[in-house]
Amino acid sequence: MRKNKLFYLGLLVLLLFANLVAFSYPVRKIFITSLFGESRGDHFHNGLDFAREKDILAIKEGEVLFYSDKMKNPLTPRWGVGGFMSIEHPDKIRSYYYHLKEETINHSLSTIAEGDKLAEMGNSGRSLGAHLHLTIYDYERKKMINPYEALPKINDDKNPKITSLLFRIKNKTYKIKNNSKLFYFGPVEIIVIAGDYRSKNQLFLGNNIIGLKSLTLFIDNKFFKKYHFGYLEELGNDLVTSDGDKIENVYGLSHNYKFGLFEIQNPSHTFEILAEDRNGNVSSTKKKVYFRVR
């Protein structure tokens with residue numbers, strides 16, 4: 001039954017992205033510095049950050065909904081977005097462009113074509129340097145879409161990397177290695193650190209890290225939990241993943257994913273992690289852990 005549920009969830013995600021209009025990148029030279037899905041402690045990073053460019057381009061034709069800068073401010077900016085613009089595209093998809101250089105927003109635009117210049121990259125609002133934050137939002141379905149899933153693919157033949165398996169036990173964190181020994185029986189909080197790492201000679205990616213498509217945990221060869229990183233949905237006052245989990249139950253620090261509690265009951269358990277990137281590259285790691293009482 002659980003396998004059938006996962007199959008239909010995956011099919012739903014595929015259908016959602018199949019229905020998206022085709023987008024282009026908002027900059028001519030791609031240099032990504034932050035990803036959709038990163039936790040920032042006090043907020044969730046709901047888009048992609050681009051740097052090292054000047055001109056900001058429309059990712060698709062559409063209608064300008066609103067903009068804001070020092071010269072003209074029809075909508076009060078919130079969340080530290082600084083100078084910004086919003087465009088509605090076909091199928092009720094909206095794109096948001098944040099941290100624009102103030103007084104460079106093109107006020108003459110009402111309808112735009114794909115590739116039209118909207119403004120220049122800036123450091124306005126809550127920002128530590130000149131960059132563009134791009135968010136893509138499905139207004140009809142109330143979903144924040146991972147822009148990396150909606151934009152053209154970047155060639156990637158490098159497997160994702162599973163950096164660490166962590167256990168949180170009574171407010172202490174333990175880094176787990178294969179054949180680790182813990183003097184403990186009881187509940188542990190499982191955390192996985194993982195990402196898709198690009199080679200350093202591919203300079204169009206800022207920190208050489210791009211987002212995962214999915215992350216799966218098996219315990220003792222049995223399915224435990226799987227996360228898909230395609231979109232976030234607004235349900236009341238909550239943001240939930242495409243798997244229905246609240247974001248505060250999934251994301252910790254950047255590239256830290258919380259898999260919840262597992263009750264240690266046996267002298268040993270085997271934990272296997274599978275990470276898949278957007279190009280279908282898969283990495284896995286397996287760690288056997290021994291538990292005993294002092």
Side-chain angles (χ1 to χ4, degrees), residues 31-41 43-49 146 148-149 154-182 184 187-221 223-230 232 241-243 245 247-262 264 268-291:
F31 196 93
I32 299 172
T33 58
S34 292
L35 307 168
F36 178 95
E38 293 181 357
S39 172
R40 297 295 178 79
H43 72 283
F44 175 90
H45 194 251
N46 63 7
L48 285 186
D49 285 354
N146 185 345
Y148 196 79
E149 296 286 347
I154 298 173
N155 291 331
D156 177 17
D157 58 2
K158 191 174 182 66
N159 288 340
K161 183 177 180 180
I162 302 165
T163 305
S164 298
L165 170 64
L166 306 176
F167 287 170
R168 288 278 292 171
I169 302 173
K170 297 180 179 179
N171 296 321
K172 292 184 178 180
T173 302
Y174 300 84
K175 186 174 182 179
I176 303 302
K177 299 180 180 179
N178 191 33
N179 296 320
S180 288
K181 295 179 176 62
L182 292 176
Y184 179 76
V188 300
E189 181 184 3
I190 300 173
I191 301 171
V192 174
I193 303 177
D196 192 16
Y197 291 73
R198 301 289 297 243
S199 59
K200 291 183 179 179
N201 62 351
Q202 294 169 308
L203 296 178
F204 51 83
L205 286 166
N207 53 8
N208 299 311
I209 305 172
I210 53 180
L212 293 170
K213 179 179 180 180
S214 66
L215 194 61
T216 310
L217 175 64
F218 296 88
I219 301 178
D220 299 329
N221 296 316
F223 173 84
F224 186 76
K225 184 179 280 289
K226 183 172 185 176
Y227 290 131
H228 300 85
F229 306 110
L232 286 178
T241 69
S242 47
D243 304 288
D245 297 285
I247 60 170
E248 59 266 27
N249 296 332
V250 178
Y251 296 97
L253 300 174
S254 181
H255 302 289
N256 282 232
Y257 303 99
K258 299 185 287 187
F259 276 82
L261 293 176
F262 176 70
I264 303 302
S268 68
H269 291 286
T270 300
F271 301 83
E272 184 178 8
I273 307 161
L274 270 64
E276 182 180 3
D277 69 18
R278 190 181 173 213
N279 289 63
N281 303 310
V282 177
S283 290
S284 65
T285 187
K286 186 180 289 189
K287 300 183 188 298
K288 189 169 186 177
V289 186
Y290 295 89
F291 303 89

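All residue numbers in this chain count up from 1 along the given sequence.
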Can you find a pair of side-chain heavy atoms, one from [X] and one from [Y], that are under 4.5 Å apart?
| X | Y | answer |
| --- | --- | --- |
| Phe167 | Ile190 | yes |
| Leu165 | Thr285 | no |
| Phe271 | Ile176 | no |
| Phe218 | Phe224 | no |
| Asn221 | Lys286 | yes |
| Leu261 | Glu189 | yes |
| Tyr148 | Ile32 | yes |
| Val289 | Ile264 | no |

Rounded distance [0.5 Å steps], [atom1] in [X] versus [atom2] in [Y]:
| X | Y | atom1 | atom2 | answer |
| --- | --- | --- | --- | --- |
| Ile219 | Lys225 | CD1 | NZ | 11.0 Å |
| Lys181 | Ser268 | NZ | OG | 11.0 Å |
| Glu149 | Leu48 | CD | CG | 10.0 Å |
| Ile191 | Tyr251 | CD1 | OH | 14.5 Å |
| Asn256 | Ile193 | CG | CD1 | 4.0 Å |
| Ser283 | Lys161 | OG | NZ | 10.5 Å |

What heavy-atom pair brings [X] and [Y] nearest, and what distance separates the two atoms?
| X | Y | result |
| --- | --- | --- |
| Asn281 | Pro160 | O-CD, 3.5 Å |
| Gly280 | Glu276 | CA-OE2, 3.8 Å |
| Leu212 | Gly195 | CD2-C, 4.0 Å |
| Tyr184 | Lys170 | CE1-CE, 4.2 Å |
| Ile162 | Ala275 | CG1-CB, 3.9 Å |

side-chain hydrogen bond (donor to acceptor under 3.5 Å, both in side chains) involving Thr173 - partner list, sequence neighbours excluded
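In terms of side-chain hydrogen bond (donor to acceptor under 3.5 Å, both in side chains), with neighbours along the sequence ignored, Thr173 is linked to Arg168.
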Please identify each residue that fulfils salt bridge (charged side-chain N to carboxylate O under 4.0 Å, His left out) with Asp220, with sequence neighbours left out.
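In terms of salt bridge (charged side-chain N to carboxylate O under 4.0 Å, His left out), with neighbours along the sequence ignored, Asp220 is linked to no residue.
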Could you please spell out the steps behind the side-chain contact (heavy atoms from CB on, under 4.5 Å) verdict for Leu232 and Ile247?
CA-CA 8 Å; Leu232 286 178; Ile247 60 170; 3.3 Å; yes
Counting only N and O atoms by type, is there a donor-acceptor contact under 3.5 Å from the side chain of Tyr227 to the main-chain atoms of Lys258?
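Answer holds: yes.
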Is there a donor-acceptor pair closer than 3.5 Å between any side-chain N or O of Asp243 and the backbone N or O of His228?
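Looks like yes, one N/O pair under 3.5 Å.
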Looking at residues at least two apart in the chain, or sitting in another chain, which of them share a side chain to side chain contact (heavy atoms under 4.5 Å, CB included) with Asn178?
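For Asn178 the side chain to side chain contact (heavy atoms under 4.5 Å, CB included) partners, ignoring immediate neighbours, are Lys287, Lys288.
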Ring centres under 6.0 Å, that's the criterion: do Tyr257 and Phe229 meet it?
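Yes, close enough.
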Check the angle between the aromatic planes of His269 and Phe262 and answer parallel, tilted or perpendicular using the 30° and 60° thresholds.
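Perpendicular: the ring planes of His269 and Phe262 meet at over 60°.
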